[in-house]
Amino acid sequence: MTLRPMNIDPAFCFIGGAWVAPQSGQSLPLINPSDGTQLCEIARGQGDDIHAAVAAAEAALAGDWGKATAAERGRILAAIGRAVLTHVDHLAELEAMDVGKPLKQARADVLALARYLEFYGGAADKLHGETIPYLDGYTVYTLREPHGVTGHIIPWNYPMQIIGRSIGAALAMGNACVLKPAEEACLTALAFAQIAHDAGLPAGALNVVPGLGAEAGAALTAHSGVHHISFTGSVGVGRLIQQTAATHIVPVTLELGGKSPQVVFEDADLDAALPFLVNAGIQNAGQTCSASSRILVHHKVYDEVVEKMASRYSALRAGPAMADLDVGPLVSDRQRDIVQGFLDQGKDLTMAAQGKVVDEAPAGGAYCAPTLFTDVAPEHCLAQDEIFGPVQVVIPFDDEAQAIEIANGTDFGLVASIWSRDGARQMRMAKALRAGQVFVNNYGAGGGVELPFGGTGLSGHGREKGFEALYGFSMLKTVAAYHG
Ligand code: ADP
């Protein structure tokens, strides 16, 4: 398969501004989750390729990229963002085929990628050091410097958005990046590398090595030339990455998903809430770290909310990415089996409604009908574990205190939202909820380029997105000069 119009062979790595065959000569099949067929072969990058990519990044830091001023870096990022916008259709098609997401969602992801580059292009020269009053005879100031080579291990659910937030911020601060995309979906990462290069990013500033997590991913984490790792993915792999990074005392940013609640009070504007309640659970077939998989509803409006959500669920349709329905397939058979396992565990629960997989959906696709469970006990595994599929649970509560207890009653803490017209309650709840982001009368699953994002507990640590990410992707140096 040729990734027109960039004419890229996906069985290669992108290292030092050129397409390079993996040193093992091996490849991996890339499967189209909409029908189960093989899309193409991708490179099976391993330790040698990671080593070459780190060397290319080091060369970039010693060369043009390392010498670029903050303003020049910003201009290059902005140019890459504009170049992305000239390839919207192509990138959206690649992402839809590869991930299985409906085309309109993939288009939104391309626009988000461009917006991240615009944002970080503008931010690159806005982060300043400080002067610090100190002892007589001293002038003290701080410098924000790049870490050096940064490693980026990303998942398959939102490749373009995560490239935007992670690579965008790292490049803005002057780091040189090695990106290991997920083996299930890496086409837009490869296409992006060529677009960025053509738009003026110096060779070696961004290198992409596809491959398996246990091979390329583990080699990147363990490489002594990597000075910062950002990882988005599962809790188990996040734990491994933090342990491995500890060997070289390398800082890590971990974004590991959640079990994010929306809390609906009796005074909420239910008509305004309804689209958010459902969409935040089914967007990208629920395969979103910040998906809202728990809906907590005050008992006075419980029946009404359940009825409205159930009616919406009954109308949901799942089908091939290119059919652009409400929900696409899950990314793989493996993911579908995991979600099916959760559905099996929910056999004794009340299923309020289920959407349909359309008849035209190919038998080989990894489809799962969107499913809504009600009256779920907060301690049930469907209300505790991250499912990563189009499954939501509705849980009743009696008062604010109970809502807080249930909302905070999982090991995660990524996003939460409050639906209420009472301003004082909004403020109280926003403080009480254990989450890195709290929305009031809205819910921004995956959105908000400008908004610092990240979690607590098993959701991880560190912040991406917004200006805040620039602190994580840089090192603060204090200069204390004695001049008498
Ligand atoms: P999921 O289970 O949703 O696929 P993972 O956490 O397994 O999420 O994968 C997210 C990313 O982490 C992917 O790019 C994957 O290749 C990578 N990965 C998986 N295992 C490892 C590992 N041992 N070391 C480093 N990266 C890994």
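Start at 1 and go down the list; that is how both ligands and their atoms are numbered.
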K.L.:
Does D411 pair with K259 as a salt bridge, N-O distance under 4.0 Å?
P.N.:
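Judged by the 4.0 Å cut-off on N to carboxylate O distance, D411 and K259 do not form a salt bridge.
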K.L.:
Determine whether the side chain, the backbone, both or neither of Q335 has a heavy atom under 4.0 Å from any heavy atom of ligand 1.
P.N.:
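Neither; nothing of Q335 gets under 4.0 Å from ligand 1.
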K.L.:
Between L256, T232, I154, I241, which one has a non-hydrogen atom sitting closest to atom 14 (O) of ligand 1?
P.N.:
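When every heavy atom of L256, T232, I154, I241 is considered, I154 comes closest to atom 14 (O) of ligand 1.
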K.L.:
Using a strict 4.0 Å cut-off to heavy atoms of E183, name the atoms of ligand 1 that fall inside it.
P.N.:
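Matching atoms, with element in brackets: 15 (C), 16 (O).
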K.L.:
Counting the benzene-type ring for Trp, do H152 and F473 have ring centres under 6.0 Å apart?
P.N.:
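Close enough - the centres of the two rings lie under 6.0 Å apart.
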K.L.:
Does ligand 1 have a heavy atom under 4.0 Å from the side chain of N157, from its backbone, from both, or from neither?
P.N.:
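The answer is neither.
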K.L.:
Going by distance only, is there an N or O of G233 that falls short of 3.5 Å from an N or O of ligand 1?
P.N.:
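For ligand 1, there is no N or O atom that lies under 3.5 Å from one belonging to G233.
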K.L.:
For atom 23 (N) of ligand 1, what's the nearest protein heavy-atom neighbour? Residue, atom name and distance, please.
P.N.:
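Result for atom 23 (N) of ligand 1: L240 CD1, 3.6 Å.
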K.L.:
List the closest protein heavy-atom neighbour of atom 6 (O) of ligand 1: residue, atom name, distance to the nearest 0.1 Å.
P.N.:
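I find the closest protein heavy atom is S234 OG, 2.6 Å.
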K.L.:
Considering only heavy atoms of I153, which atoms of ligand 1 have at least one such atom less than 4.0 Å away?
P.N.:
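It comes down to these atoms of ligand 1: 11 (C), 12 (O), 14 (O), 17 (C), 25 (C), 26 (N).
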K.L.:
Under 4.0 Å from atom 9 (O) of ligand 1, can you find at least one protein heavy atom?
P.N.:
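Protein heavy atoms within 4.0 Å of atom 9 (O) of ligand 1 - there are none.
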K.L.:
Taking R115 first and then E450, would you say they form a salt bridge - that is, a charged N and a carboxylate O separated by under 4.0 Å?
P.N.:
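Salt bridge present between R115 and E450.
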K.L.:
Quick one: which residue pairs count as a salt bridge (Lys or Arg N to Asp or Glu O under 4.0 Å) with a foot in residues 204-221, not counting sequence neighbours?
P.N.:
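Listed once each, the pairs are R44-E215.
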K.L.:
Between E464 and R165, does any NZ, NE, NH1 or NH2 come within less than 4.0 Å of an OD or OE carboxylate oxygen?
P.N.:
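Yes, R165 and E464 are salt-bridged.
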K.L.:
Within the 4.0 Å heavy-atom shell around G217, which atoms of ligand 1 are there?
P.N.:
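Result: 24 (N), 25 (C), 26 (N).
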K.L.:
Check whether the ring centres of H147 and H228 lie less than 6.0 Å apart, and answer yes or no.
P.N.:
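They qualify: ring centres under 6.0 Å apart.
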K.L.:
Report yes or no: does R334 have a heavy atom closer than 4.0 Å to ligand 1?
P.N.:
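The answer is yes: ligand 1 sits under 4.0 Å from a heavy atom of R334.
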K.L.:
What residue and atom, counting heavy atoms only, is the protein's closest point to atom 12 (O) of ligand 1, and at what distance?
P.N.:
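The protein heavy atom lying closest is F231 CE1, 3.2 Å.
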K.L.:
Mind checking what makes side-chain hydrogen bond (donor to acceptor under 3.5 Å, both in side chains) contact with Q105, not counting sequence neighbours?
P.N.:
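Applying side-chain hydrogen bond (donor to acceptor under 3.5 Å, both in side chains) to Q105 gives none.
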K.L.:
If you measure from the Lys or Arg side-chain nitrogens to the Asp or Glu carboxylate oxygens, is any gap between D324 and K104 under 4.0 Å?
P.N.:
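Yes, this pair counts.
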K.L.:
If hydrogens are left out, which of G213, A222, C289 has an atom nearest to atom 19 (C) of ligand 1, that is, the closest non-hydrogen atom?
P.N.:
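Considering heavy atoms of G213, A222, C289, the nearest to atom 19 (C) of ligand 1 sits in G213.
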K.L.:
Can a salt bridge be assigned to the pair D333 and R336 using a cut-off of 4.0 Å between side-chain N and carboxylate O?
P.N.:
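Counted as a salt bridge, because a side-chain N and a carboxylate O are separated by less than 4.0 Å.
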K.L.:
Could a heavy atom of W156 be found less than 4.0 Å from some atom of ligand 1?
P.N.:
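Under 4.0 Å: yes for W156.
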